[in-house]
Amino acid sequence: MDRSHPALTGTHVLPSVMSSDMLRLGEQIDALAAAGARALHVDVMDNHFVPNLTVGPDFTAAVARAARPHGMLVDVHVMVERPGNLIPLFAPHADAISVHVEADPHPHRLLGAIRDAGLMAGIAINPGTPVEALSALVPMIDYVNCMSVNPGFAGQSFVPQTPAKVRLLRDVVGDGVVIEVDGGVGPSTIDGVRDAGAQWLVSASAIFGSDDPIAAYGDLARGARGE
Ligand code: DX5
Ligand code: ZN
């Protein structure tokens, strides 16, 4: 992972392709890149850790083929129980992988495997899990995916305690770790998470549920920058 990647400076909106028009995803990625998107978010769900089923490594490979010519970072959010076997399958098509602290008794080992594959290692944390669950993992963490909905579906309501949790997380992980917020991020919630210090703001329905996803991305990206 290139530590000088533009997504690692400032605050960014990461379109979550879960809600995209998947048969037109290549065109949508080209248009998002032209509109300034520097990173994409891909949601992997297993119908065990979360009550929904989405995509696997063949899909992330296709996303990477479309995203890499634009230099976009590919962030894969793995909502899977015991995800260890999947890390080597996703690694060639990802720049960053997050796994859930609740999904495996050995998150320290998983984060090490992600780093050993040359990627940013992320730990995702559900709304009901206290920030202290991450304290022993800090040396292994490059980013935290702070869930602002209970994972499983796009289009859910933002958990209002999230900005306060982001501030608590910053105290736990320090300044060198990227904080991502995922779920329910849209025009009415983006200011709170930006002001709390989150740097990667994931959004699916506020972008792809709009009549004009590229314009919606642009509006959110300006919000992320505080414009
Ligand atoms: C939810 C996923 C999110 C989802 C966000 O479980 O992790 O990334 O795509 O969707 P919205 O922005 O619609 O809440
Ligand atoms: Zn996600």
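This structure is a prediction, so every number in the text was calculated from the model and none was measured. Ligands are counted one by one from 1 in listed order, and the atoms in each one are counted from 1 as well.
Backbone and side-chain nitrogen or oxygen atoms of Ala204 are examined, and one is located within less than 3.5 angstrom of a nitrogen or oxygen of ligand 1. Looking at Ser203 next to ligand 1, no N or O pair under 3.5 Å apart turns up. Of the N or O atoms in Gly152, one or more lie within a sub-3.5 Å distance of an N or O in ligand 1. Checked by distance only, ligand 1 and His77 come closer than 3.5 Å through their nitrogen or oxygen atoms. Between Gly155 and ligand 1, at least one N/O pair is under 3.5 Å apart.
For atom 14 (O) of ligand 1, the nearest non-hydrogen atom of the protein is Gly184 N, 2.8 Å. In terms of protein heavy-atom proximity, atom 3 (C) of ligand 1 is nearest to Asp182 OD1, 2.9 Å. Among protein heavy atoms, atom 1 (C) of ligand 1 sits closest to Phe153 O, 3.6 Å.
If you look at Ser205 next to ligand 1, the close heavy atoms, those under 4.0 Å, come from the backbone and the side chain alike.
Ligand-side atoms of ligand 1 in range of Met79: 6 (O), 7 (O), range being under 4.0 angstrom from any heavy atom. Against a heavy-atom cut-off of under 4.0 Å, Met45 is close to the following atoms of ligand 1: 6 (O). Of all atoms in ligand 1, numbered sequentially from 1 with element shown, those under 4.0 Å from a heavy atom of Gly183 are 14 (O). Taking every heavy atom of Ser16 and a limit of under 4.0 angstrom, the matching atoms of ligand 1 come to 8 (O), 9 (O). Under a 4.0 Å criterion applied to the non-hydrogen atoms of His41, ligand 1 contributes the atoms 8 (O). Applying the 4.0 Å criterion to heavy atoms of Met18 picks out, from ligand 1, the atoms 9 (O). Each of the following atoms of ligand 1 lies closer than 4.0 Å to a heavy atom of Pro151: 6 (O). Listed by number with element, the atoms of ligand 1 under 4.0 angstrom from any heavy atom of Met147 are 7 (O).
At the Zn ion (ligand 2), the angle from OD2 in Asp182 to OD1 in Asp43 is 170° when rounded to 10°. Annotation: angle subtended at the Zn ion (ligand 2) by His77 ND1 and His41 NE2 is 100°, to 10°.
Taking CG of Asp212 as the reference point, atom CD1 of Ile207 lies at 11.5 Å (rounded to 0.5 Å). Atom-to-atom distance recorded for Ile125:CD1 and Asp182:CG is 13.0 Å, nearest 0.5 angstrom. Note that the CZ atom of Phe49 and the CD atom of Glu102 stand 4.5 Å from one another [nearest 0.5 Å].
For Arg109 and Asp116, the salt-bridge test fails: no basic side-chain N is under 4.0 Å from an acidic carboxylate O. Taking a cutoff of 4.0 Å between a charged side-chain nitrogen and a carboxylate oxygen, Asp95 and Arg68 qualify as a salt bridge.
Residue contacts with ligand 1: Ser19 is excluded, as none of its non-hydrogen atoms falls under 4.0 Å.
When the heavy atoms of Asn145, Asp43, Val149, Leu14 are ranked by distance to atom 7 (O) of ligand 1, first place goes to Asp43.
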Practice prompt. Determine, step by step, whether Met147 and Val149 satisfy the side-chain contact (heavy atoms from CB on, under 4.5 Å) criterion, reporting the C-alpha distance in whole Å, the side-chain angles of both residues, the deciding distance to 0.1 Å, and the verdict.
Written response: CA-CA 5 Å; Met147 293 306 300; Val149 297; 4.2 Å; yes
Item to complete: Kindly determine whether Arg225 and Thr11 satisfy side-chain contact (heavy atoms from CB on, under 4.5 Å), including the steps that lead there.
Response: CA-CA 6 Å; Arg225 295 192 296 265; Thr11 306; 5.8 Å; no
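The main-chain N or O of Met45 is found under 3.5 Å from a side-chain atom of Thr54 such that the two form a donor-acceptor pair. No donor-acceptor pair under 3.5 Å is formed between the side chain of His41 and the backbone N or O of Val74. Between the side chain of Gln199 and the backbone N or O of Ile179, at least one donor-acceptor pair lies under 3.5 Å. Counting only distance, with no hydrogens or angles, the side chain of Thr189 and the backbone of Gly184 share a donor-acceptor pair below 3.5 Å. With hydrogens and angles ignored, the 3.5 Å screen pairs a side-chain donor or acceptor of Ser203 with a backbone N or O of Val185.
With Ile97 as the fixed residue, the side chain to side chain contact (heavy atoms under 4.5 Å, CB included) test singles out one of Leu110, Val78, Asp75, Leu86: Val78.
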